[in-house]
Structure formats: C-alpha cells, structure tokens
There are 2 protein chains.
Amino acid sequence: MTSEAALLHATDSRLPLYARLRDVLTRRVAAGEWAPDRAIPAESTLADSYGVSLGTVRKALEQLVDEGLLERRQGSGTFVRRARFDQSLFRFFRLSGGGAIPASRILRREVVDAWRLPATPLGVMAGGKAIRMQRLRLWGDEPFLAEDILLPFERFAGLMDLTTDELGPLLYPVYEAVCGQIIARAEEELTVAVADEAAARLLRCPVGSPVVRIERLALAHDGTALEWRRSSGLASQFRYKVDIK
Amino acid sequence: MTSEAALLHATDSRLPLYARLRDVLTRRVAAGEWAPDRAIPAESTLADSYGVSLGTVRKALEQLVDEGLLERRQGSGTFVRRARFDQSLFRFFRLSGGGAIPASRILRREVVDAWRLPATPLGVMAGGKAIRMQRLRLWGDEPFLAEDILLPFERFAGLMDLTTDELGPLLYPVYEAVCGQIIARAEEELTVAVADEAAARLLRCPVGSPVVRIERLALAHDGTALEWRRSSGLASQFRYKVDIK
DNA sequence: AACATATAGTCTTATAGAGGACTATATGTT
DNA sequence: AACATATAGTCCTCTATAAGACTATATGTT
C-alpha cells in the first residue's frame, strides 16, 4: 500500500532503506501483529507494500532471521519464530539421556508483595504484587537444579487458577496458553557460589559444595520484563562449551 | 582466470555456486595464501577470476565474514581476520579495570615427552615432544588464573630460545612472530572443580574452594591442533553473560 | 613542510528480472 | 478412501547494472 510505503520513506534518517524496513518490521512483530509460528506476508507482497525492491526486503528479513526474530521455510513462508530455550539447560549441564526434558516438581507457589522481595530484580515488578514459585528439576529421582521464579501478578494471575500439576515441566508454553504472555528472549548470567543450607537440602549435597547460579531475566518482544528466575545447580554437573573465533 | 573458474565449476556438487565459492576461498585462506590483516582480491576481481557474478561473490564473502574468517572494510578491502581472543577472559571473569591486559608470570617452561603427559589432550601431540609452560595471570598483585599450556615441540621449538620475559602477556602474537603459527579459532570447555593443593597455593585460596576450569584447544585454519591449555580461575571472580533467543 | 584537492580503487546500497526448488493444497484418478 | 498429479504460492539462486560512500594515495598549492 502507498500508506505503508510513505511511512517507511518518511523515517528519513541516514539509515539505509533495508535497515529502516528491518526496524519497521521489528516493530510490527513486537506489536504482536503476527502471532508466533504464523507466516508474515510474502517477500513479494512486502516489496509491493513498501514500494521497495525484492532484494531490499530480502536483506531486511535476512537480518531479522539472524537476530532470531524470524524464521524462513522455503516454499512455505517467513514465520515469527517461537523462542524455545528451555533447552538452554542442556547447554550448561551435562545431562544423561539425550533430548528428553527433565521432570519438574513445584514446591511452592504464592503471591507476595513485590516490594518485600529481598532484591527486587531490576525494579521490574516495582509496586505491584508478584507470583513466586519454587521449583525443583530432577533427572529421574536425582535433583540437579533448584529454581526460584518471580512473575508480575497482573499479567500472570491466571496461573494461580491451575493446579501445580497442570503447570508441567515447561513453563513458557503455559505462560502463552494461559496468560497470553510470550517470551521472546532472555538474558542469563552465570556465577559460581556455594550451597547454603536450603540449597543443600534441595539438591541433596553437602553445605558448602559449589553450585552454579543462573540468573535469568526473560523479556517480551517489546522488551518488558516478564519473568525473573534464579536457578542453582550442582556444579559437578555443570559444563559449558564455546567456540571462539 | 579461466583455470580458477574451471576449478570452481568442476566441484560439481549439488551445492549452490556461492557455497562452492565460499569453500574454495576457505581453503585458500587455510592454505595461508593471504596473511592475516592482508587484503584478499577485490570482489570484482574475484567475480572475474571465477566467472561468477558480483552478487554471488558477495554472498560467499558474507558467509565467511559471519564465520569470522574474513573482515570487510568499506573503501579499503576484504581482509583475513586475525583472531584476537585473549579478550575471551573478559567474557568469563569480572576483572576490575576495563580493557587492560592482565599481567603474566611464567613459572615454568620445559620440554617433555608428550606420551608421558597425564592425559594427552585428544592424542594431539602423540609420539613427539612437547613444550609445557606454567603461567600465572594476575591483576596487579592478585593472582586469578593459573594456566598449564602444552605445545607440540616441532612447531614451537623457537619459543625455547626466548627468555620468559620476552614472551610477554599475550602468547598468540608471539606464536605467529617467532614460530609462524597462526591460531585461527579455539574450542573451550568450562567446568567447575575445587582447588587442589597446587592450585590453592598459586591462587592464594583455601584448598577446596571452588575454581572454574577452562580447557582450550586452539586450532590453525586447517584444523590442526596447535595449543592446548587448562586454566583454573577463582570461581569468585567468575561471571558469564549470555543472551538467549 | 603542511595542507587542501583530485582520483582510483574498494565496499555498499538499491534495482530489475528470470528461472529453480520446495511446500501445501486442490484436483483428478483409481 | 487412497493415491497420484497438477498448480499456485513461497523462498532461493544467479545474473546484470548503476550510483553512492568510504579510504588511501597521489597531486597540487600554499
């Protein structure tokens, strides 16, 4: 359409055309215009809509694919990518049994005043109430990860209506199905600590043995913080591989 | 030239043209045809040489840039990228004082029979002799990393002619200048362990305190293993950030 | 010697078009 | 109902061309 074309060319910064188109499309995805796993308009359609050439569209899409926002399937279309990083655990922990998802046991679930929390993560949930969950992840009968999860109540109130059994081992799909909240990306920070009494009891290890601590802030497409969690895992199970170039 | 063009089109796999060109160029870089920081032929030249269009060359180069093999400088040329990952420490350790390189102290340097080594890394140096160095890295007067480095003697014999002072805080430039060995990439694996007596003494920490262990295998462009090292660092200084998508 | 200016060479952006490859759906046949 | 085949729609490869932007060097001027 001419309206969209005008809109694009109006953002008359010094950025090249494909970069402007990329930013425009990012905003449309962030605004939730297309649901995850849904096809966005075809390259040729976009080219027409915005009044640019096919190559320019392709270059914009290419970057968004690299960023992990989109996903292309030849012959089928270009799709909003659904983040699936519960597998991130496998990057960090050496877990026997390939591919399968470790079991979860929810130990606690409560609504708390956010401002009462020990260290409110980044002031995210300032003011309001928060849902707090404690969860244990285990491989078979062996616990290897203790999690402390914090969610802003107003967005995730629906969670409290479910039984803990209904929550299942993967939370992010539940967030989406029950609360309509979609996790787009996350920032993780790893450090090493020693197990305090609580952690030692949960992980069945001696007090003072080393644990890896993972703090994760999960964000929506538009950058608002949706979930914070701190996980403590047995350091003996920890392993991480990197390729450096 | 026609010879090169023929060579490219002869590799008549089912791979697209740009992928074949990419592989051919990879081999030329790996063969050391262009030194690091040296410009390779211009895009237009390559297009002519191989008898393909400019767009095809650009797509091939693009991938090599993404892989970290090449580097483009507008107006100037396309260059073989020099791997500079001594900064990888900063990804893993929270070091006060931004940017500066931590000091090094070489504690030991000797030639050993490779087959005598406790766990010959990947059987790399099988048979021959090896250079073994022990090094301590410190921030000011604070030691934070103890390194055990292994090199195949036949390639790195020249190192034994230098004083340990001449080695300096960065080894890879020395490898290149003195021995002509260029590190292209590396594989690292991180685990958590507890300090044994030797490590505790070096790092000035109690025996049994948690340490992060980094095992690195550094490789040449053609994939031959050039250096293996195991570093142990104070876990209290360890921190690693990731963005997940 | 210092500074401005031109110039050649390089990568970058953008366009247009043609044919191929792949996928999902519709259609027809058995 | 099951299976093959056609078809439309999508992304993918490759070509060709033109003008812009940036860098380094050469040249000229002061």
Side-chain angles (χ1 to χ4, degrees), chain A residues 2 4-25 29 34 37-81, chain B residues 2 4-25 29 34 37-81:
Chain A
T2 325
E4 280 164 346
L7 227 147
L8 176 62
H9 289 88
T11 63
D12 208 356
S13 69
R14 269 77 64 207
L15 280 175
L17 201 47
Y18 74 87
R20 278 178 273 166
L21 177 56
R22 176 199 59 200
D23 294 345
V24 168
L25 292 177
V29 172
W34 305 293
D37 279 344
R38 294 288 311 239
I40 73 172
E43 295 177 346
S44 52
T45 311
L46 289 173
D48 286 349
S49 308
Y50 287 103
V52 299
S53 88
L54 204 60
T56 303
V57 173
R58 282 190 62 78
K59 183 144 187 175
L61 293 181
E62 207 169 283
Q63 293 205 351
L64 294 176
V65 169
D66 284 346
E67 283 177 26
L69 193 67
L70 299 178
E71 187 179 1
R72 314 179 93 147
R73 298 180 207 150
Q74 185 180 5
S76 176
T78 304
F79 297 76
V80 177
R81 185 166 158 278
Chain B
T2 324
E4 280 163 346
L7 226 147
L8 176 62
H9 289 88
T11 61
D12 209 355
S13 69
R14 269 76 64 206
L15 281 175
L17 201 47
Y18 73 86
R20 278 178 273 166
L21 176 57
R22 177 199 59 200
D23 293 344
V24 168
L25 292 177
V29 171
W34 306 292
D37 278 344
R38 294 287 312 240
I40 72 172
E43 295 178 343
S44 52
T45 311
L46 288 172
D48 287 348
S49 308
Y50 287 102
V52 300
S53 90
L54 205 58
T56 303
V57 172
R58 282 189 62 79
K59 183 142 189 178
L61 292 181
E62 208 169 282
Q63 294 207 348
L64 293 177
V65 169
D66 284 347
E67 284 178 25
L69 194 66
L70 299 179
E71 188 178 1
R72 314 178 96 147
R73 298 182 208 150
Q74 185 182 4
S76 177
T78 303
F79 298 76
V80 177
R81 185 164 158 278

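Sequence lines set the chain letters: A, B, ... in the order given, protein chains first and strands last, and positions in each chain run from 1. These figures come from a predicted structure and were not determined experimentally.
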Sequence neighbours excluded, which residues qualify as side chain to side chain contact (heavy atoms under 4.5 Å, CB included) partners of [X]?
X: A:Gln74; value: none
X: B:Arg38; value: B:Ala35
X: B:Ser76; value: B:Arg73, B:Phe79

ask   = Is the backbone N or O of A:Gly68 less than 3.5 Å from a side-chain atom of A:Arg81, with the two atoms forming a donor-acceptor pair by type?
value = yes

Rounded to the nearest 0.5 Å, how far does [atom2] of [Y] lie from [atom1] of [X]?
X: B:Thr45; Y: B:Ile40; atom1: OG1; atom2: CD1; value: 10.0 Å
X: A:Glu62; Y: A:Arg22; atom1: CD; atom2: CZ; value: 12.0 Å
X: B:Leu21; Y: B:Leu61; atom1: CG; atom2: CG; value: 7.0 Å

key: Distance in angstrom units between B:Asp48 CG and C:dT10 P, rounded   = 11 Å

query = Which dot-bracket string describes DNA chain C (Watson-Crick N1-N3 plus N6-O4 or O6-N4, or G-U N1-O2 and O6-N3, all under 3.5 Å; [ ] crossing; | other strand)?
reply = ||||||||||||||||||||||||||||||

query = Are A:Leu64 and A:Thr78 side-chain neighbours, meaning at least one heavy-atom pair lies under 4.5 Å?
reply = no

message = Between A:Leu70 and A:Val29, is there a side-chain heavy-atom distance shorter than 4.5 Å?
response = yes

task = Using chain B heavy atoms and a threshold of under 4.0 Å, write down where along DNA chain D the contacts begin and end, 5' to 3'.
result = D:dT13 to D:dT23

Heavy-atom protein contacts under 4.0 Å, nucleotides 11-21 of chain C, coded B base, S sugar-phosphate only, - none = BBBSB----BB

message = I'd like to know if A:Arg72 pairs up with A:Glu43 as an ion pair, taking the criterion as any Lys NZ or Arg NE/NH1/NH2 lying under 4.0 Å from an Asp or Glu carboxylate oxygen.
response = yes

